[in-house]
Amino acid sequence: MNSDPKHNDALGLSMLPFVMRELAATVMKRKSLPLEDALFYIYSSRMYRSLLDENTKLWYQSTSSLYDDLEKEKAGEKERNDSPGVLLFLMFCVENYREAKKMSAEELLVCFVRHGVFEFLRENYEMLHTQDTCYILDSITAYIRKKRR
């Protein structure tokens, strides 16, 4: 048995397309979604980020187990009701960042989800919502830049 970490990382990366094929097909079937929507449903989850982490070895779980984990996560997100003030702040950030960076709505959403910007904004709402637009946008930009490293 090869215990070389590079070998194990390569194994996980080579398994990921197979796992994603099955998971995407399951999401498409059970939720009656087209491929693009099913992929967004998966890619916007913490479960997917865990799949990318070779240390979790999550790709060894069955498709039904992964799907169940995904549904539990999504159900928990639905239960979280942002207050009107937080929701307004999130939409303010989305629209101002999109305009400042000249991004499409789709590009912005993928970027914010990929880098966990919505969580960052929620966690820092109390401090950020009192700041001016330039400070907020600079904070988001710095956060995304840090996450890309």
Side-chain angles (χ1 to χ4, degrees), residues 1-125 128-129 136-137 139-149:
M1 174 132 188
N2 192 343
S3 62
D4 179 21
K6 289 182 182 177
H7 173 74
N8 290 336
D9 292 350
L11 176 64
L13 289 175
S14 63
M15 299 243 333
L16 191 58
F18 297 102
V19 171
M20 285 301 298
R21 178 192 66 197
E22 294 300 318
L23 186 57
T26 300
V27 170
M28 288 169 59
K29 181 179 179 183
R30 292 192 184 174
K31 302 202 85 50
S32 299
L33 295 173
L35 175 63
E36 294 82 4
D37 292 345
L39 289 175
F40 183 79
Y41 190 77
I42 297 166
Y43 288 155
S44 65
S45 69
R46 288 184 307 280
M47 191 269 318
Y48 176 72
R49 288 191 289 278
S50 293
L51 258 176
L52 295 176
D53 182 356
E54 289 84 12
N55 295 319
T56 66
K57 308 278 189 249
L58 205 56
W59 58 81
Y60 284 119
Q61 289 189 15
S62 70
T63 302
S64 66
S65 177
L66 290 172
Y67 179 80
D68 290 345
D69 289 348
L70 180 61
E71 286 303 290
K72 286 176 189 169
E73 175 186 334
K74 295 295 184 173
E77 288 175 4
K78 288 179 185 172
E79 290 174 9
R80 177 183 62 206
N81 287 328
D82 289 320
S83 72
V86 172
L87 190 55
L88 178 61
F89 175 69
L90 294 174
M91 295 307 99
F92 171 85
C93 293
V94 163
E95 292 303 325
N96 280 280
Y97 194 84
R98 184 189 57 74
E99 182 62 31
K101 300 297 182 179
K102 304 296 183 210
M103 300 171 84
S104 72
E106 293 83 8
E107 291 171 320
L108 177 117
L109 186 57
V110 167
C111 176
F112 272 34
V113 169
R114 179 181 300 139
H115 299 295
V117 175
F118 289 116
E119 291 83 8
F120 166 76
L121 293 172
R122 282 185 184 99
E123 290 168 6
N124 294 285
Y125 168 76
L128 285 175
H129 86 281
I136 294 168
L137 298 180
S139 296
I140 294 169
T141 301
Y143 179 79
I144 291 170
R145 195 174 298 129
K146 180 181 173 190
K147 287 294 196 169
R148 285 185 179 156
R149 291 182 194 170

- Item | Reference residue Y125; test ring-ring contact (aromatic ring centres under 6.0 Å, His included); the match among F92, F89, F118 | F89

- Query: Once you round to the nearest 0.5 Å, how far does CG of L121 lie from NE2 of H129?
  - Reply: 13.0 Å

- Message: side-chain contact (heavy atoms from CB on, under 4.5 Å), that's the test. Do E106 and F40 meet it? Break it down for me.
- Response: CA-CA 11 Å; E106 293 83 8; F40 183 79; over 6 Å; no

- Item | side-chain hydrogen bond (donor to acceptor under 3.5 Å, both in side chains) partners for S65, two or more places apart | Q61

- Message: If you compare all heavy atoms of V27 against all heavy atoms of A38, which two are closest, and at what distance to 0.1 Å?
- Response: CG1-CB, 3.7 Å

- Query: Tell me, do L137 and K101 make a side-chain contact under 4.5 Å, heavy atoms counted?
  - Reply: no

- Measure the CD1-CG distance between I42 and D37 for me, rounded to the nearest 0.5 Å. 11.0 Å

- Query: Are the side chains of L58 and M47 in touch, meaning some heavy atoms are under 4.5 Å apart?
  - Reply: yes

- Message: Measuring from atom CZ of R148 to atom CZ of R114, what distance do you get when rounded to the nearest 0.5 angstrom?
- Response: 8.0 Å

- Can you name the nearest heavy-atom pair linking A24 to L39, along with the distance? CB-CD2, 4.1 Å

- Message: Checking M20 against Y43 for the side-chain contact (heavy atoms from CB on, under 4.5 Å) test, could you report, in this order, the C-alpha distance in whole Å, the side-chain angles of both residues, the deciding distance, and whether it holds?
- Response: CA-CA 10 Å; M20 285 301 298; Y43 288 155; 3.5 Å; yes

- Under 4.0 Å between a Lys/Arg side-chain N and an Asp/Glu carboxylate O for R98 and E95? yes

- Query: Is a side-chain donor or acceptor of E73 paired with a backbone partner of S45 at a separation under 3.5 angstrom?
  - Reply: no

- Query: Quick one: CG on L128 to SG on C93, what's the gap to the nearest 0.5 Å?
  - Reply: 7.0 Å

- Let me see the working for F112 and I140 under side-chain contact (heavy atoms from CB on, under 4.5 Å), right down to the final yes or no. CA-CA 9 Å; F112 272 34; I140 294 169; 4.1 Å; yes

- Message: So, using ring pair (Phe, Tyr, Trp, His ring centres under 6.0 Å) as the criterion, who are the partners of Y143 when residues are at least two apart?
- Response: F120

- Task: Please check if the side chain of K74 supplies one atom and the backbone of Y41 the other of a donor-acceptor pair under 3.5 Å.
- Result: yes

- Query: Of the non-hydrogen atoms in C111 and M103, which two are nearest, and what is the gap between them?
  - Reply: CB-CE, 4.1 Å

- Distance, nearest 0.5 Å, that separates CG of L16 from CZ of R21: 12.0 Å

- Check: L66 and L70 side chains under 4.5 Å, non-hydrogen atoms: no

- Could you give me the CA-CA distance, side-chain angles and deciding distance for Y97 and I144, then say whether side-chain contact (heavy atoms from CB on, under 4.5 Å) is met? CA-CA 12 Å; Y97 194 84; I144 291 170; 3.6 Å; yes

- Rounded to the nearest 0.5 angstrom, the NZ-OG1 distance for K146 and T141 is 14.5 Å

